[in-house]
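Reading through the structure tokens given below for one structure.
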Amino acid sequence: MGKNLTLQQAFRLFGTEESAEQFFINRRWPNGIACYKCGSLNVAKVASRKPQPFRCREQGCRHHFSVKSGTLMHNSRLPLTAWAWAIYLLTTDPKGVSSTNLTKYLGVHQQTAWYLAHRIRKAMVPKREKFAGPVEVDETYVGGSDYNRHFDQRLGKYAGKVAVIGILDRPTKQVRAHVIENADRRTMHNYVVKRTERSAVVYSDEHQGYAKLPREHHTVTHSWGVYARGRVSTNGIEAFWSILKRSYKGTYHTLSRKHLNRYLAEFSSRHNDRALDAVDRIGKIIKAMEGKRLRYQDLVGAK
């Protein structure tokens with residue numbers, strides 16, 4: 001596990017707007033402030049900070065900009081301290097932080113906190129890469145428990161839930177997880193093939209969706225009470241599902257299908273980067289914000 005960042009240490013790093021701005025600058029531009037339009041390092045600081053604190057000196061550019069420009073923070077009216085604390089909370093709390101709690105911590109409206117968190121989650125989306133393996137693959141279903149419904153309103157074990165598939169690369173401990181329409185053979189085969197090298201060894205349970213997988217494939221039969229057979233198990237990816245489901249019940253209470261992939265990116269990011277120091281995890285998110293946008297309408301619009 002990476003080194004933690006205490007609240008006192010965090011406050012010293014980004015507890016004021018001035019320190020937060022310097023923190024973001026250092027992580028976004030480690031080699032010096034660069035124009036987000038042309039990339040030039042020939043940048044002047046604007047004494048009045050109006051209309052923006054920095055100005056590009058290159059002929060044909062001359063853009064004014066800030067550390068927020070050209071990132072997921074572009075045009076955000078929130079102070080940098082709010083962004084820094086939100087990133088800190090979402091990267092360090094193993095079970096995540098709900099928008100309701102972000103509202104309390106940051107002193108913003110719930111709608112604002114919700115939008116803020118989703119923009120940070122967009123920076124948490126892991127890169128697509130093929131795993132060399134061995135890998136563990138498993139599926140699960142996310143949604144409310146039938147046990148909590150009135151007897152005459154129960155839908156069945158998986159009805160009303162969203163199917164999710166995940167893959168864990170054992171050598172690197174990296175996880176990827178995504179919503180799938182159906183847990184059928186075609187969908188699950190495509191998912192595994194696109195994310196593993198041809199030589200990868202795959203471990204799964206006995207689900208028929210993995211049958212005849214075009215990889216070296218070994219299974220454990222959970223229905224017989226077998227959860228490990230030598231190196232063959234899915235315990236790693238199931239531990240990831242366990243954290244996700246505990247957070248569903250204790251933190252978020254509901255995760256809509258529409259936004260579930262963003263939450264999966266959040267949980268994957270925390271899992272994948274847990275060996276990094278907290279400051280490096282925050283810095284990685286700041287760097288990943290560059291060149292990305294997420295409009296509020298993109299979140300609430302129909303899909």
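Note that the structure is a prediction, hence the values are computed from the model and not measured.
L106 and F11 fall within a single hydrophobic cluster, where Ile, Leu, Val, Met, Phe, Trp and Tyr side chains are chained together by heavy-atom contacts under 4.5 Å. Following chains of ILVMFWY side-chain contacts shorter than 4.5 Å, one can reach L244 starting from L89, so the two form part of one hydrophobic cluster.
Residue K173 qualifies as open at atom NZ: its count of foreign heavy atoms under 6.0 Å is 12 or below.
Under a 4.5 Å side-chain heavy-atom cut-off, the cluster of Ile, Leu, Val, Met, Phe, Trp and Tyr residues that includes L41 has no other member. As a member of the Ile/Leu/Val/Met/Phe/Trp/Tyr network built from side-chain separations under 4.5 Å, Y191 groups with F131, V135, V137, I165, I167, I180, M188, V192, V202, Y210, L213.
When only modelled atom types and interatomic distance are considered, R274 and H271 share a side-chain donor-acceptor pair under 3.5 Å.
Annotation for T71 and R293: closest pair O-CD, 3.6 Å, computed over non-hydrogen atoms. Nearest heavy atoms, L5 versus A278: CB-CB, 3.6 Å. Nearest heavy atoms, I285 versus M124: CD1-CG, 3.6 Å. Among all heavy-atom pairs drawn from A34 and F65, the shortest one is O-CE1, 3.6 Å. Counting all heavy atoms, side chain and backbone alike, G96 lies closest to E266 at CA-OE2, 3.5 Å.
The aromatic rings of F267 and Y252 sit perpendicular, their planes meeting at an angle over 60°, well past the 30° parallel limit.
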| task | Give the C-alpha distance, both sets of side-chain angles, the deciding distance and a yes or no for salt bridge (charged side-chain N to carboxylate O under 4.0 Å, His left out) between E290 and R27. | result | CA-CA 11 Å; E290 195 162 356; R27 271 104 197 131; over 6 Å; no

| task | Test side chain to side chain contact (heavy atoms under 4.5 Å, CB included) on K122 and R262 and set out the steps. | result | CA-CA 7 Å; K122 187 172 179 67; R262 295 188 178 92; 5.8 Å; no

| request: Go through the steps for T91 and K284 under the test side chain to side chain donor-acceptor pair (under 3.5 Å), then give the verdict. | output: CA-CA 10 Å; T91 54; K284 184 176 178 179; over 6 Å; no

Side chains of residues 78-85: which donor-acceptor pairs under 3.5 Å do they make with residues two or more places apart or in other chains?
from : atom 1 : to  : atom 2 : distance (Å)
T81  : OG1    : E17 : OE1    : 3.4
W83  : NE1    : S76 : OG     : 3.0

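Under a 4.0 Å N-O distance rule, the pair E58/K37 does not qualify as a salt bridge. Salt bridge status for E181 with R257: present, with a side-chain N to carboxylate O gap under 4.0 Å.
Remark: E18 engages T16 in a side chain to side chain contact (heavy atoms under 4.5 Å, CB included) (not counting sequence neighbours).
Listed by first and then second residue, the salt bridge (Lys or Arg N to Asp or Glu O under 4.0 Å) pairs involving residues 203-219 amount to none (not counting sequence neighbours). Residue pairs meeting the side chain to side chain donor-acceptor pair (under 3.5 Å) criterion with at least one member in residues 105-118, sequence neighbours excluded: S99-Q110, Q111-Y296, W114-H118, H118-R121.
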